[in-house]
Asks: 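Structure provided below as structure tokens; questions to follow.
Starting from 1, each residue takes its place in the sequence as its number. Here the structure is a predicted model, which is why all the values come from computation and not from measurement.
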Amino acid sequence: MSCSTKAFSTLLYRFSTGVSLKPLNSFSIQGVVRLSKNLSSSAFYSSCSKWVTPVEFKPVSSVRSIWTRGPLCMGRRSCKIAGRKGAQDAKKAKLYAKVGKEVVSAVKKGGPSPISNTALAAILEKAKDLDIPKEILERNIKRASDKGQEAYIEKVYEVYGYGGVGIIVEVSTDKINRSVALVREVVKDCGGKMADPGSIMFKFKRARVVNVKVTDADKDQLLMIALDAGADDVIEPSMDEDDSEEDKSERYYKIVSSSENYAEILSNLREEGITYEPDNGSELLPLTSVEADDEAKELNKELMSNLLDLDDVDAVYTDQK
């Protein structure tokens, strides 16, 4: 049979069986479906290691819809970009949530007016430096007046990770029993161990920190700006030999400062046009870093990620190098 005859026969068969030719994304298939071999599960595996829901084939004259799960990352580069954006969004959400809790607690204690409530006025001033949207602040001031809303209490939990690594978990919660139960559950499931108060905290110091991407500033220029403004230190990020250029672009310089000099550092960076990320009031910095093997690093990373997923957790710090 000639090629043209085969093509015409195929087309005629498709019309006779009523196969619909609607666009992919949301489409229906009617009629008989014949498979010459079983579908392998690998056929549904995307380049981002995510599964697409398998298709269920039904009898003649039935109608089924196929839905694709998205967005799918096409290639390693797009996956990394999506992962970084997700991490940045999560970090921003944590910051907004923490400041919102502080607003609620301040209003509960001193009222909704920043004129008479100095604690609230200080938080609103800090929120301005952190570029917190005004509607978030207003929403939390209003939420504080709800009868069922309790004030938030800050707690710190200490955790032993893998490879001798210490982890500090900062929590703001209106239900202490809930927060400690959830933190303990995550630590246990990930193979960590809760530590006694003070067992790990002494390995850290609290300071004001400005984070600047290595791609956004020249090292010597940054040192000059920081030292002129009275910064205590500039910490360079650790780099691995196998880091790609994209990985290196996600590393940060940390300008360490006292509260008194913090505003001046931010002002000098703005004058020089250098993009920066402020802290949320303070950060915990390890006095010395612990070197862990690759397996321990991955396990600690999973543990810290799962802790950060908890709503009550505001920040997680580690002395892992």
Side-chain angles (χ1 to χ4, degrees), residues 80-81 83-103 106 114-115 117-141 170 204-239 243-287 289 314-318 321:
K80 284 187 175 181
I81 292 173
R84 290 185 187 123
K85 187 179 185 305
Q88 291 170 353
D89 291 343
K91 185 177 180 180
K92 186 178 293 186
K94 281 292 180 184
L95 174 61
Y96 291 174
K98 178 176 173 58
V99 174
K101 294 174 185 178
E102 292 176 355
V103 168
I115 298 175
N117 188 341
T118 56
L120 177 60
I123 294 171
L124 296 180
E125 188 64 29
K126 181 181 74 172
K128 188 184 299 183
D129 291 336
L130 297 175
D131 294 327
I132 307 294
K134 185 178 180 181
E135 56 268 23
I136 290 179
L137 302 174
E138 293 175 345
R139 183 166 65 245
N140 282 283
I141 290 175
E170 288 187 340
F204 293 79
K205 66 177 180 180
R206 191 172 291 281
R208 296 303 305 271
V209 178
V210 186
N211 299 282
V212 180
K213 273 189 179 182
V214 296
T215 54
D216 290 338
D218 176 74
K219 175 185 173 182
D220 294 334
Q221 180 191 17
L222 195 62
L223 282 169
M224 186 178 298
I225 293 172
L227 295 177
D228 285 347
D232 297 333
D233 194 9
V234 177
I235 302 175
E236 295 185 50
S238 59
M239 297 286 190
D243 281 348
S244 65
E245 289 301 319
E246 292 176 348
D247 292 329
K248 291 177 181 177
S249 69
E250 292 301 311
R251 301 290 192 264
Y252 288 82
Y253 293 110
K254 287 184 174 291
I255 304 176
V256 184
S257 160
S258 63
S259 298
E260 291 76 17
N261 299 326
Y262 194 76
E264 185 177 352
I265 293 173
L266 297 184
S267 177
N268 289 357
L269 290 172
R270 283 194 292 265
E271 288 179 2
E272 296 294 330
I274 297 176
T275 303
Y276 62 84
E277 293 182 15
D279 59 26
N280 57 8
S282 67
E283 283 189 21
L284 286 174
L285 300 175
L287 298 174
S289 297
D314 289 332
V316 175
Y317 303 100
T318 179
K321 188 173 182 179

Asks: Output the distance between atom OG1 (Thr275) and atom CG (Leu269), rounded to the nearest 0.5 Å.
Replies: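 Spacing of OG1 (Thr275) from CG (Leu269) equals 9.5 Å.
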Asks: Distance-only, no hydrogens or angles: does the Asn261 side chain make a donor-acceptor pair with backbone N or O of Gly230 under 3.5 Å?
Replies: yes
Asks: Between CG of Asp218 and CD of Glu272, what distance do you get to the nearest 0.5 Å?
Replies: 11.5 Å
Asks: Would you call Lys98 and Glu102 a salt bridge, using N to O less than 4.0 angstrom?
Replies: yes
Asks: Is there a side-chain contact between Ile265 and Arg208 (heavy atoms, below 4.5 Å)?
Replies: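 Sidechains of Arg208 and Ile265: no contact.
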Asks: Quick check on side chain to side chain contact (heavy atoms under 4.5 Å, CB included): which of Arg251, Glu236, Lys219 does Val214 satisfy it with?
Replies: Arg251
Asks: What distance separates Ile136 CD1 from Lys134 NZ, expressed to the nearest 0.5 Å?
Replies: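 NZ of Lys134 is found 13.5 Å from CD1 of Ile136.
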Asks: Quick check for you: to the nearest 0.5 Å, what is the distance between Asp220 atom CG and Ile225 atom CD1?
Replies: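 These two atoms lie 11.0 Å from each other.
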Asks: For side chain to side chain contact (heavy atoms under 4.5 Å, CB included), just list the numbers for Asp279 and Tyr262, CA-CA rounded to whole Å, side-chain angles, deciding distance to a tenth of an Å, and then say yes or no.
Replies: CA-CA 10 Å; Asp279 59 26; Tyr262 194 76; 3.4 Å; yes
Asks: Using every non-hydrogen atom in the two residues, find where Tyr252 and Glu277 come nearest and quote the distance to one decimal.
Replies: OH-OE2, 2.9 Å
Asks: Should the heavy atoms of other residues, nucleotides or ligands under 6.0 Å from CG of Leu287 be counted, would the total exceed 12?
Replies: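 For Leu287, atom CG is crowded (more than 12 foreign heavy atoms under 6.0 Å).
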Asks: Is any side-chain heavy atom of Asn268 less than 4.5 Å from a side-chain heavy atom of Glu264?
Replies: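 In short, these two side chains touch, coming nearer than 4.5 Å.
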Asks: Over all heavy atoms of both residues, which pair between Leu222 and Ala217 is shortest? Give the atoms and the distance, please.
Replies: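 So the minimum-distance heavy-atom pair works out to CD1-CB, 4.2 Å.
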Asks: Supply the atom-to-atom distance Asp216 CG to Ile274 CD1, rounded to the nearest 0.5 angstrom.
Replies: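 Reported value, rounded in 0.5 Å steps: 8.5 Å.
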Asks: Do Ile132 and Leu124 have side chains that get closer than 4.5 Å, going by heavy atoms?
Replies: no
Asks: Here's a test for you: under side chain to side chain donor-acceptor pair (under 3.5 Å), which of Lys205, Lys254, Arg206 qualifies with Glu283?
Replies: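 Going through the options one by one, the only one that passes is Lys254.
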Asks: Begin with the C-alpha distance, continue with both residues' side-chain angles, and end with the deciding distance and a verdict on side chain to side chain contact (heavy atoms under 4.5 Å, CB included) for Ile235 and Leu285.
Replies: CA-CA 10 Å; Ile235 302 175; Leu285 300 175; 4.2 Å; yes
Asks: Rounded at 0.5 Å granularity, tell me how far CG in Leu120 sits from CD1 in Ile115.
Replies: 10.5 Å
Asks: Could you report the tightest heavy-atom contact between Ala121 and Pro114, atom names first, then the distance?
Replies: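 The answer is CB-O, 3.4 Å.
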Asks: Can you name the nearest heavy-atom pair linking Ile123 to Ala106, along with the distance?
Replies: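 What the structure gives for the nearest pair is CD1-CB, 3.7 Å.
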